[in-house]
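Note that these values count all heavy atoms, side chains included, but never hydrogens, waters or copies made by symmetry. We're numbering straight along the sequence, starting at 1.
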Amino acid sequence: MKKIGIIGGNGVMGSQFAKFFKQAGQSVFICDKKEGYSIDEIASFCDVVILSVPIKSTPAIAKQIAPLLSKEQLFSDFTSVKASVIPLMTESKASVISAHPMFAQANSLQNRPILLLPVKPNNWLSWYQNLYKQLELQTIIIQPWEKHDKFMSIIQGLLHFIHISFAKTLAEFGVEMEDILSMCSPVYKAHFALACRIIQRDPSLYTHILLDNPQNKEILNTFIEQANLNYQYICNQEERQFEEEFLSCRDFLGNVGKKMDAHSDSLIQMFANLNIKE
């Protein structure tokens with residue numbers, strides 16, 4: 001059993017992990033703005049210290065707590081953007097294993113993915129990985145840690161950008177949402193649902209996922225260039241060129257594309273009988 005201190009332990013992510021850590025038999029201590037232990041106290045007696053605060057606040061708090069930790073402790077975090085945080089964490093004498101839960105609030109953690117970045121793990125990696133396996137999470141190791149933000153520029157940056165831009169386009173056109181959705185087949189309802197899911201979440205979180213990851217600019221610039229190219233094919237009625245682009249995407253996706261196509265059937269079925277006006 002370890003003493004785990006969670007900075008920001010009353011937030012959505014911090015509070016749910018506090019609950020699950022306790023269920024796994026660990027001692028959990030909370031540090032938050034209005035209650036719980038102070039940062040100095042958490043640093044003084046906890047074996048593991050985890051930062052679970054908003055992206056914009058994480059670097060400052062990492063810098064504050066790093067000098068307080070000893071080589072016997074483990075320093076971790078749950079933030080979505082690592083480039084501005086991990087270098088500050090490594091200034092500590094503590095071992096450093098960064099983490100990124102790839103989900104928001106969840107009633108069950110079973111088979112949910114969590115990324116572990118062993119920056120300076122020393123003897124802690126096996127214990128830390130097993131802790132999350134106890135919670136039935138799927139642990140994924142990323143080495144070197146610098147790869148994380150590049151991966152997230154695709155998984156989070158690009159996809160969130162697409163969904164937010166899609167919703168804004170609907171707003172600019174003054175789309176009557178209920179009327180449009182009443183005409184949609186299940187596959188189109190699924191696309192609308194994913195965009196709506198993002199827009200219902202914390203705007204600050206998604207703003208900083210997009211603004212703070214330095215890798216986002218390159219991937220979004222490539223996306224915009226490709227979108228402009230396809231737009232020109234459409235404007236110029238270049239049927240052959242557009243079809244070639246379409247088929248080149250199919251070739252790139254290969255077997256993964258075929259498998260995901262098959263898996264999408266179960267998702268689409270969920271929307272088959274959805275009544276938006278309920």
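- Taking CG from Asp47 and OG from Ser27, the interatomic distance works out to 9.0 Å, rounded to the nearest 0.5 Å.
- The closest side-chain heavy-atom distance from Phe103 to Leu137 is below 4.5 Å.
- Below 30°, between 30° and 60°, or above 60°: for His148 and His100 the angle between ring planes is between 30° and 60°, a tilted geometry.
- The environment of CD in Glu239 is sparse: at most 12 heavy-atom neighbours from other residues, nucleotides or ligands sit within 6.0 Å.
- Note that the CD atom of Gln215 and the CD atom of Glu218 stand 7.0 Å from one another [nearest 0.5 Å].
- Residue Val119 is not grouped with residue Tyr132 when hydrophobic side chains (ILVMFWY) are merged at heavy-atom distances under 4.5 angstrom, including chains of intermediate members.
- Listed by chain and number, the residues in a side-chain hydrogen bond (donor to acceptor under 3.5 Å, both in side chains) with Gln241 are Glu238 (sequence neighbours excluded).
- Residues Tyr206 and His163 fail the side-chain proximity criterion, which asks for heavy atoms closer than 4.5 Å.
- Using modelled atom types and a 3.5 Å distance limit, the side chains of Asn221 and Glu225 yield a donor-acceptor pair.
- Across every non-hydrogen atom of Phe17 and Ile6, the tightest pair is C-CD1, 4.4 Å.
- Note on Met13 and Ile4: same hydrophobic cluster, where clusters join Ile, Leu, Val, Met, Phe, Trp and Tyr whose side-chain heavy atoms are under 4.5 Å apart, directly or indirectly.
- No donor-acceptor distance shorter than 3.5 angstrom exists from the side chain of Asn10 to the backbone of Asp32, with no hydrogens or angles considered.
- When side chains are defined from C-beta on, Phe21 counts as touching Leu135, because their heavy atoms get closer than 4.5 Å.
- Here the closest heavy-atom approach between residue Lys93 and residue Leu69 is recorded as CB-O, 3.8 Å.
- Annotation: side chain of Trp124 is in contact with side chain of Val48 (closest heavy-atom distance under 4.5 Å).
- In this structure a side-chain-to-backbone donor-acceptor pair under 3.5 Å is present from Asn228 to Ile224.
- Put simply, the side chain of Ile198 does not reach to within 4.5 Å of the side chain of Leu194, judged on heavy atoms.
- Closest approach of Ile219 to Leu158, counting heavy atoms only: CG1-CD2, 4.3 Å.
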Legend entry - Residue pair Leu115, Met152: steps toward the side chain to side chain contact (heavy atoms under 4.5 Å, CB included) verdict: CA-CA 11 Å; Leu115 312 181; Met152 290 307 108; 3.7 Å; yes
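- Taking both residues in full, the closest heavy atoms of Ala18 and Ile30 are given as CB-CD1, 3.9 Å, listed atom of the first, atom of the second, then distance.
- In this structure a side-chain-to-backbone donor-acceptor pair under 3.5 Å is missing from Ser165 to Ile162.
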Legend entry - Worked verdict on Val49 versus Leu68 for side chain to side chain contact (heavy atoms under 4.5 Å, CB included): CA-CA 11 Å; Val49 176; Leu68 306 177; over 6 Å; no
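- By the side-chain hydrogen bond (donor to acceptor under 3.5 Å, both in side chains) test, Gln226 is found to be paired with Asn230, Glu245, residues two or more places apart in sequence or in another chain being considered.
- With contacts defined as side-chain heavy-atom distances shorter than 4.5 Å, the pair Ile141/Leu125 qualifies.
- With values rounded to the nearest 0.5 angstrom, Ser264 atom OG is found 8.0 Å from Met260 atom CE.
- The two residues Thr58 and Leu51 make their nearest non-hydrogen contact at CG2-CD1, 4.0 Å.
- Linking Ile, Leu, Val, Met, Phe, Trp and Tyr residues whenever their side-chain heavy atoms come within less than 4.5 Å leaves Phe151 and Phe161 in two separate clusters.
- Side-chain atoms of Pro54 and His208, non-hydrogen and from C-beta on, never get closer than 4.5 Å to each other.
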Inset, instruction - Start with the C-alpha distance between Phe192 and Ile180, add both sets of side-chain angles, then the distance that settles side chain to side chain contact (heavy atoms under 4.5 Å, CB included), and finish with yes or no. - result: CA-CA 10 Å; Phe192 276 92; Ile180 288 291; 3.7 Å; yes
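- Cluster annotation: Ile155 is not connected to Leu253 through the hydrophobic network of ILVMFWY side chains, with a link wherever side-chain heavy atoms come within less than 4.5 Å.
- Put simply, the side chain of Gln26 gets close to the backbone of Lys2: a donor and an acceptor are under 3.5 Å apart.
- Following chains of ILVMFWY side-chain contacts shorter than 4.5 Å, one can reach Phe223 starting from Leu211, so the two form part of one hydrophobic cluster.
- Other residues, nucleotides and ligands place no more than 12 heavy atoms under 6.0 Å from the CG atom of Asn123.
- In this structure, Lys120 contributes its side chain and Ser92 its backbone to a donor-acceptor pair below 3.5 Å.
- Annotation: the span from Trp145 atom CH2 to Ile97 atom CD1 amounts to 15.0 Å, rounded to 0.5 Å.
- The NE2 atom of His160 lies 10.5 Å from the CD1 atom of Ile199; values are rounded to the nearest 0.5 Å.
- Sorted by first and then second residue, the side chain to side chain donor-acceptor pair (under 3.5 Å) pairs involving residues 65-79 (not counting sequence neighbours) are Ser70-Glu72, Ser70-Gln73, Ser76-Tyr128, Asp77-Lys82, Asp77-Ser98.
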Inset, instruction - Before giving the answer on side chain to side chain contact (heavy atoms under 4.5 Å, CB included), spell out for Lys133 and Asn130 the whole-Å C-alpha distance, their side-chain angles and the decisive distance to 0.1 Å. - result: CA-CA 5 Å; Lys133 286 183 176 179; Asn130 286 333; 4.1 Å; yes
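- Using a 4.5 Å cut-off on side-chain heavy atoms (C-beta onward), Gln269 and Pro186 make no contact.
- Here Asp149 contributes atom CG and Ile154 contributes atom CD1; the two are 12.0 Å apart, rounded to the nearest 0.5 Å.
- Closest approach of Gly157 to Asn216, counting heavy atoms only: CA-OD1, 3.6 Å.
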